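Please read the structure below before turning to the comments.
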Protein chains: 2
Amino acid sequence: MTMSNTGGRRRPPTIHDVAREAGVSRGTVSRVLNGGHYVSPAAQEAVNAAIRRTGYVVNRHARSLITGRSDSVGFLLTEPQERFFEDPNFNVLLRGCTQALAAHDIPLLLMLAGTQDERRRITRYITAGHVDGVLLVSSHSGDPVAEELREAGVPLVACGKPIGLGSKVSYVAADDRDGARDMVRHLLSLGRRRIGVVTGPPDTPGGVERLAGYREVLAEAGVEADERLIASGDYSRASGEAGAERLLAQAPDMDAVFVASDLMAQGVLAALRRAGKRVPDDIAVGGFDDSPAATAATPALTTIRQPWDRISNEMVRVLLAQMGGEDPAAVILPTELVRRESA
Amino acid sequence: MTMSNTGGRRRPPTIHDVAREAGVSRGTVSRVLNGGHYVSPAAQEAVNAAIRRTGYVVNRHARSLITGRSDSVGFLLTEPQERFFEDPNFNVLLRGCTQALAAHDIPLLLMLAGTQDERRRITRYITAGHVDGVLLVSSHSGDPVAEELREAGVPLVACGKPIGLGSKVSYVAADDRDGARDMVRHLLSLGRRRIGVVTGPPDTPGGVERLAGYREVLAEAGVEADERLIASGDYSRASGEAGAERLLAQAPDMDAVFVASDLMAQGVLAALRRAGKRVPDDIAVGGFDDSPAATAATPALTTIRQPWDRISNEMVRVLLAQMGGEDPAAVILPTELVRRESA
DNA sequence: TTCTCTACTGTGAACGCTCACAGAAGCATG
DNA sequence: CATGCTTCTGTGAGCGTTCACAGTAGAGAA
């Protein structure tokens, strides 16, 4: 019953064909397509029937040409790509955003801009209006792309608080500091007192906030701070391994370690195993993210869950709102302690 | 020097503005934009200068409206998404394709169609001409989307040989059978004779071919086949774990196991550890893929590298060729044995 | 009645581009 | 000197849609 057409018409049906088929004008069809206001029930029905019969789908290019919108949003990665693709969180985020957008029938364009050159090209591409908004995933500060897009007036939502920028840019983030506090409190509750930390890079919000939470809780608990218990990594597995080795050398009496990402925690576990330390008996290990890496690790990681599904949903919600003219907004979501074997 | 414009023009410059600025007609500007044939050097130069001065970028919607092309391609996943996002191979593939396309200035639209409903919608979206071609990632056979797209005449390249379809659809794949042969030969060369296998699903090329390679080599070597040494999984970590348990129960004297994916191999390692078996001393383990999971595992996996960078490059190359009117083609790429600790 | 208001419908004009065509040179060939 | 061919250029039309506007009909108010 569908797709029936006079003869072997090869070209897809246009709004004209639908109008003729329904016995109304282009304008009326267009109105039905765009919400159906000021259309009589009879016309509404006739048009819908004609659309079904002809198999009509709106030509987005023609629509975009006149509306100036593209009805698509970009998912932009401005970091060296290895990082993101190695990080399981990224997958979850990408999937969540794709799905949230699909619910609004908005396709997502994936854009990778790892090099300086690519970044320039992508910025031009975006500012030329090929997407209506951008979901930005870039943890490091000093990222010129975000600033340029903001200036160009492109609706933008970052994942995690962009450090360098003012409050004029929207972002959605988990409550890093609070999550870190929960974890360190948990380690304290296990009786540990010599608690080390492997932080993220100091130019990322996760690097700063998680360390701050760690310091706060120790101070509140009256545990003596010790800089030898602090090492910094870059969220990669390898840097976790290196960090753990440093800590073991500097503070052999360490009895727990809070690691700012599950991936780094995997590296920490490897280093501890090599050093002959049992986890959690000798040293308890706490991760952060609750990524697939947490359950893949041996022993399975006690970690802080970032609510990635909610994060992606909120990012999309805030972006759409901004595309609709609303002001930028910041959303902070709570984290949750997930207890497994490592602590 | 760029973006200079009379007054505070807000609207981006059009081809008209460029033509006026360069003192030529729209047609000439258009010709410069599309390859510059039949344009005098003087006009060429004037137009390029005008483009630079005005900051002009072509409006893709207007162009697409008339050419009927969209100058973008889709990356389509038709499986339940968990699988792909859990699988590190997927990342590498996605990244590779994005980069290969970026070199041609073609944006990539990521499309996820896990449910029946989504699949229908996406198919309509694609056949409506919103992308010029599709990179299909779907290992299972009996996938109706591929067949529908093929019938609709949409250029299509699959990753891995689509089992159900005829030879009319392009694909790029690693040489699964040969890779499996290499691995099993390697295990034999270590002196192992009771070699188990955890296969992939029988409706995927990897499931079929890797098992076939295993059987072939054992037969050639005159090693007795034993169905108790064969278990099948679904490429997930959990299924690897379950498969290993089954094998251990059925064939306690197993001294090696070839696992059809690194992720499953991680599960196998976990099961072996629980059973008190030392790897590789008691049982050697060989994986497949050389994904990040291979190095993340303890001990690091000896595995078969799939040439993902080449695969993605070839997929893009074949797709672009097809979009240019060439016939479908199949490309098979060689694999490589990577020796690490587990075998 | 006449006027106004609301609900609905149709029409021309864009949007920015490419394409086909016609024409203008310049140069060699008949 | 006309004729053809090649290289280059400008112009009109049209891609499929939305938008602004004008117009119709019917209902209620003055």
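This one's a predicted model, so the numbers in the text were calculated from it and none came from an experiment. Lettering of chains follows the sequences in order, A, B, ..., and the numbering in each one begins at 1.
- Between C:dG16 and B:Thr14, no contact under 4.0 Å exists linking OP1 or OP2 to a side-chain N or O.
- Candidate nucleotides C:dT9, C:dT18, C:dA14 were compared by shortest atom distance to the side chain of B:Thr67, and C:dT18 ranks first.
- OP1 and OP2 of C:dC15 both lie 4.0 Å or more from every side-chain N or O belonging to B:Asn59.
- Taking the side chain of B:Tyr56 as heavy atoms from C-beta on, and the options C:dT9, C:dT18, C:dC17, the nearest nucleotide is C:dC17.
- If you take CG of B:Leu65 and P of C:dT18, they are 11 Å apart, rounded to a whole angstrom.
- Put simply, OH on A:Tyr38 is 14 Å from P on C:dC5, counting in whole angstrom units.
- Summarising the geometry, the separation between NE2 on B:His16 and P on C:dC15 is reported as 10 Å, rounded to the nearest angstrom.
- Taking atom CZ of A:Arg60 as the reference point, atom P of C:dG16 lies 20 Å away to the nearest angstrom.
- Atom NE2 of B:His37 is separated from atom P of C:dC19 by 12 Å (rounded to the nearest Å).
- In this structure, the CZ atom of B:Arg31 is 21 Å from the P atom of C:dG16, given to the nearest Å.
- The distance between atom CZ of A:Arg26 and atom C1' of C:dG10, rounded to the nearest whole Å, is 9 Å.
- At distances below 3.5 Å, not a single donor-acceptor pair connects side-chain atoms of B:Ser30 with backbone N or O atoms of B:Arg26.
- For the pair A:Arg63 CZ and C:dC17 C1', the interatomic distance rounds to 20 Å; values are reported in whole Å.
- Boundaries of the chain A contact region on DNA chain D are D:dG16 to D:dT18, first to last in 5' to 3' order (nucleotide atom under 4.0 Å from a heavy atom).
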